[in-house]
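Structure first, then comments.
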Amino acid sequence: MSDPMVLAYEERGSGPAMIFVHGFPFDRTMWIPQLAGLAKHRTCIAIDLRGHGLSEVASTSTFSMDLFADDIVATMDDLKLDQADLCGLSMGGYVLFAMWRRAPERIRSLTFIDTKAEVDSDEAKAGREKAAEAIAADGMEAFHDVLGPKLVGENPSADVIEHMKRMFLSCPPEVAAADSLAMRDRDDSTATLATISVPSAWLHGEQDKVMPIDAARATAEKIPGCSFSAIPDAGHVSNLENPDAVNAALTAFLKG
Ligand code: MLT
């Protein structure tokens, strides 16, 4: 396994640190609305997972949710942060579960957005392999054209569509393929839910097509004391589609 690396990040605000972990195949820029909206309450740190955005890597052969989590711990060490609030969307949520298992003492609170705890079914695992092959063969634009429309709700704004496409196209194909295989191989987090003993929140787009909200609500109920917020007018990238509702839910959680 590769050594953990210190990640690139963008920081805004003051106060206790909150680290934002992006989804697949995105980068730190997906959190721009949260950096703007939460800077009064937290030092907001949006990281680029290895290979994404400005966190360049020489090799993509060892990607895993555990390694992504260890990279966040290495970055916290570098920033001299003993603890942080963590917020992750989708694949970012998978990373939060891994980090809770590996370094719970570094976590002050957990916010899960549009994610899930279960592992992939055999069919979904086969889909990850096909996706990795398609990305390698046809590139990110073709992959965007297939996946992009599934990630937004019923009425995405032109800005959201454009921002999402920009992130797809700036993700190197070999990185997206490695992510896909790392997600295929991720650990099941359902048994982890009941072990979470820090304050937690779960935010979920009402129109999420890839991870339906009813299943998400049932998952959140298994985390002791977890608050659940349904985000209206938003699909899977709810933080981009309805940033006001997401920022309001995050602010209420952090104040509480
Ligand atoms: C994401 O947004 O990170 C992905 O939809 C996660 C996944 O494919 O499981």
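Worth saying up front: this structure is predicted, and the values here are computed from it rather than measured. As the structure lists them, so they are numbered: ligands from 1, and atoms in each ligand from 1.
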Applying the side chain to side chain contact (heavy atoms under 4.5 Å, CB included) criterion to F97, which one of D188, D187, I196 satisfies it? I196
What pairs with K222 under salt bridge (charged side-chain N to carboxylate O under 4.0 Å, His left out), at least two apart in sequence or on another chain? none
Centroid separation Y9 to F20 less than 6.0 Å: no
Heavy-atom count around E123 CD within 6.0 Å, excluding the residue itself: above 12? no
Pick whichever of F24, Y94, F26 has a heavy atom sitting closest to atom 9 (O) of ligand 1. Y94
Would M211 count as being in polar contact with ligand 1, using the rule that some N or O on each side must be under 3.5 angstrom apart? no
What atoms of ligand 1 come within less than 4.0 Å of a heavy atom belonging to G23? 3 (O)
Applying a 4.0 Å heavy-atom criterion (strictly less than), which segment of H236 is in contact with ligand 1: side chain, backbone, both, or neither? side chain
Just jot down the ligand 1 atoms closer than 4.0 angstrom to any heavy atom of S90, in number order. 1 (C), 2 (O), 3 (O), 4 (C), 5 (O), 6 (C)
Taking the six-membered ring where the residue is Trp, are the ring centres of Y94 and F68 under 6.0 Å apart? no
Residues passing the salt bridge (charged side-chain N to carboxylate O under 4.0 Å, His left out) test with R12, sequence neighbours excluded, are none
Just which atoms of ligand 1 are under 4.0 Å from any heavy atom in M183? 6 (C), 7 (C), 8 (O), 9 (O)
Which residue and atom name correspond to the protein heavy atom nearest atom 8 (O) of ligand 1, and how close is it? R128 NH1, 2.8 Å
